[in-house]
Number of protein chains: 2
Amino acid sequence: MANIKDVAERAGVSVATVSRVLNGRSPVAGTRERVLAAVAELGYRPDAVARALRTARTRTLGLVISDLRNPFFTELADAVEQEARRLGYSLIIGNAGESTRQQDDHIRTLLDRRIDGLLVSSAGTGSAMLREAADAGTPLVLLDRTVPGVAAPCVRAEGRAALTELAAHLAALGRRRPAVIVAPAGTPVGDERLELFRAALAAHGIALPPERAGASPDLRPEGGRQVMRRLLDLPEPPDAVLATDNLMALGALDEVRARGLRVPSDVALVAFDDVAWFAHLDPPLTAVAQPTRALGEAAVHTLLERVEGREAPSVLLPARLVKRRSCGEPATD
Amino acid sequence: MANIKDVAERAGVSVATVSRVLNGRSPVAGTRERVLAAVAELGYRPDAVARALRTARTRTLGLVISDLRNPFFTELADAVEQEARRLGYSLIIGNAGESTRQQDDHIRTLLDRRIDGLLVSSAGTGSAMLREAADAGTPLVLLDRTVPGVAAPCVRAEGRAALTELAAHLAALGRRRPAVIVAPAGTPVGDERLELFRAALAAHGIALPPERAGASPDLRPEGGRQVMRRLLDLPEPPDAVLATDNLMALGALDEVRARGLRVPSDVALVAFDDVAWFAHLDPPLTAVAQPTRALGEAAVHTLLERVEGREAPSVLLPARLVKRRSCGEPATD
DNA sequence: CCCGGGCGTGTAATCGATTTCCTGACTCGC
DNA sequence: GCGAGTCAGGAAATCGATTACACGCCCGGG
């Protein structure tokens, strides 16, 4: 592969001049064209590795995602990648699979590769490397999940408005015994969603007692199904269930069907995260839609601010309610 | 961040010695420990960028995936990433979103970054950069999709056995008018699947006439839905439909439901690609499962063979049929 | 006693770019 | 016609590692 020296030779100039032409500095018309011709003839492309070494900027960002197979995070990762690329950055994605060890593993190699900035939707809260990265001065932005003790801006969605609307929606449909399938302890957003929902229900005089708030052991369908099983076995089973994550909602739906019950006539079901195939379920699922694409874009922008050395605040974007048919209402989309 | 010179100074040796200790060559016990102590005290980690420049190996692979949002490819990308990491390589993932332009864009930046090898599940067949990469000598392996005119091993699944079993399954259930929703022209695997299925059906004396093989304009639900619409409007509508991709199957299911018809009583539905949530649909979908994880691993192994300069053959792994309830049979899982 | 072979380690070249410093030519004004 | 200012472009340092080569030391054999 041709390097800058080959180009310089062919154009009859020094490497400095070639570099200047390619980076849009000084050189004059005549020289400029000779250099560009040589570049074209040799098919020269600057070596990003050498450039990174010299400039101390790799133009690469790292993204460590808690679970890439979860469609919400797939979409998020895709949004981040697109926006990063639009702004001239490559993205190295690491999937932690909800394991702190793998997460730390990824962060370490990313730091070794001298990425310009790091985006993390943390699995668990006890990540040593995360703290180390922050302390080492690597620009860091948290995504979707805050981590106590790590001083970095966090970009995530917030469900107040959507959950308020949901409470009203359920109240209007006469649902009086709501329940929540909460994300496992250690994922802060789960509790927040529970409390916001509880407060919103209270405004309609509807209670959400502790026994109708079940924490799932994991963020997968099986965990959601287990909680739903316990909920339906209650002496007074719920008539509406909110799952704070899309995969747990799927498992919950399985349990309802396995008992020969129906959504929404026997129990209403609402999920957090509006993933594409919710619209293809039967019935189409009502969901609290996070602004996934906007989150990804905001995360990249916030991170690049920090890469440039500027301060950047946390970002909270509102989620919105997408009403479909899983609460008993006719679809609106 | 500490560099090798700092470590050398602190340990009272030369940089060469530090490098040798870290790469497991010669140095003797005493020196060795002093160096390791200095490394630990300074928290030194070698700069992968500098190392890559010097050794001409980045220990990074590139993966350009045709559509990351398609769950089949998400799983595939995840499998590739895990295996690559297990073998000491980082992975830069680029999502082409089924666009040749974006794909070429990605390939170009990956080449600029001097990745050691490139894995591509090509969107379309007319990629100029793909040919350029192959010609430039970058180790290249195709994934899931062959590209005519590009000389590179291809790792993909092959459905003969599964489709043979499927034909028997449908025949046994008395389905006589099968149809296929084929991937758009330009994705070679679509036609192959159609022909294998047709041949398998013929063995049972069942015909698959051209009007019951509809090509979808894209690999998304809407495309599948359009084809299903045409199929159901035929004077003799099919009693079993195979979609050669998971997203098209979803759209097809939508159309069936929209007409008030039922799966499997009115029409059986089978999808290619067994993605996790097929089991959560109602009814759970019978599917031709590609060995996704094995494909990802084989792709990485094949690519690394080529990176080492060895020849590597194409890999064809058999898909298998996962019978659920969408053809009228009781579930087997 | 001296010479040669091994072995541990240091010096310096190298990878491919960017960038600082400097030189030389040209222009312009007095 | 000559000094000052401008500007294009070259030489060389630099980023942080790896590694070829050389050197010095120790040991054993003749």
Side-chain angles (χ1 to χ4, degrees), chain A residues 1-39 42-60 88 90 109 111-116 136 138, chain B residues 1-39 42-60 88 90 109-116 136-138:
Chain A
M1 187 152 289
N3 62 22
I4 197 173
K5 224 166 133 193
D6 301 331
V7 175
E9 243 160 64
R10 177 153 199 138
V13 298
S14 74
V15 293
T17 301
V18 175
S19 174
R20 279 189 277 251
V21 169
L22 262 36
N23 293 291
R25 296 206 218 303
S26 50
V28 87
T31 320
R32 184 181 177 72
E33 266 113 50
R34 280 215 318 289
V35 170
L36 292 179
V39 165
L42 295 173
Y44 169 71
R45 309 229 80 218
D47 183 324
V49 175
R51 176 178 284 177
L53 177 61
R54 179 60 233 247
T55 60
R57 297 200 56 180
T58 51
R59 300 219 140 243
T60 302
S90 291
T109 48
L111 293 181
D112 285 354
R113 277 161 205 274
R114 303 297 190 262
I115 47 157
D116 292 339
T138 307
Chain B
M1 186 151 290
N3 62 23
I4 198 172
K5 224 168 134 190
D6 301 331
V7 175
E9 243 160 62
R10 177 151 198 140
V13 298
S14 75
V15 294
T17 301
V18 176
S19 173
R20 281 189 276 252
V21 169
L22 264 35
N23 293 291
R25 296 205 220 303
S26 50
V28 87
T31 320
R32 183 182 177 72
E33 265 111 50
R34 283 215 316 289
V35 170
L36 292 179
V39 166
L42 296 173
Y44 169 71
R45 308 229 82 217
D47 183 323
V49 175
R51 175 178 284 180
L53 177 61
R54 181 57 234 245
T55 60
R57 297 201 53 181
T58 51
R59 300 220 139 242
T60 303
S90 291
T109 50
L110 289 170
L111 293 181
D112 286 354
R113 276 158 206 275
R114 303 296 190 263
I115 47 157
D116 293 341
T138 307

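Throughout, a chain's letter reflects where its sequence line sits, starting with A, and its residues are numbered from 1.
At distances below 3.5 Å, at least one donor-acceptor pair connects side-chain atoms of A/D116 with backbone N or O atoms of A/R59.
Not one side-chain nitrogen or oxygen of B/R54 sits closer than 4.0 Å to the OP1 or OP2 atom of C/dT14. At C/dT18, one or more side-chain N or O atoms of A/S19 fall inside 4.0 Å of OP1 or OP2 (strictly under the cut-off). For C/dG10, the OP1/OP2 oxygens have a side-chain nitrogen or oxygen of B/T17 closer than 4.0 Å. Applying the 4.0 Å criterion to OP1 and OP2 of C/dT9, one finds that B/T31 has a side-chain N or O inside that range. For A/N23, a side-chain nitrogen or oxygen approaches OP1 or OP2 of C/dT18 to under 4.0 Å. Under 4.0 angstrom from either OP1 or OP2 of C/dT9 there lies no side-chain N or O belonging to B/S14.
Within the model, atoms CG of A/L53 and CZ of A/R51 stand 13.0 Å from one another, a figure rounded to the nearest 0.5 Å.
Side chains of B/T60 and A/R113: a donor-acceptor N/O pair is present below 3.5 angstrom, by distance only.
Among the atoms of the strands shown, none is found under 4.0 Å from any heavy atom of A/V49.
Residue-to-nucleotide proximity on DNA chain D shows that, of A/A16 and B/T55, the 5′-proximal contact is made by A/A16.
Here the nucleotide nearest the side chain of A/D47, chosen from C/dT18, D/dG9, C/dA17, is C/dA17.
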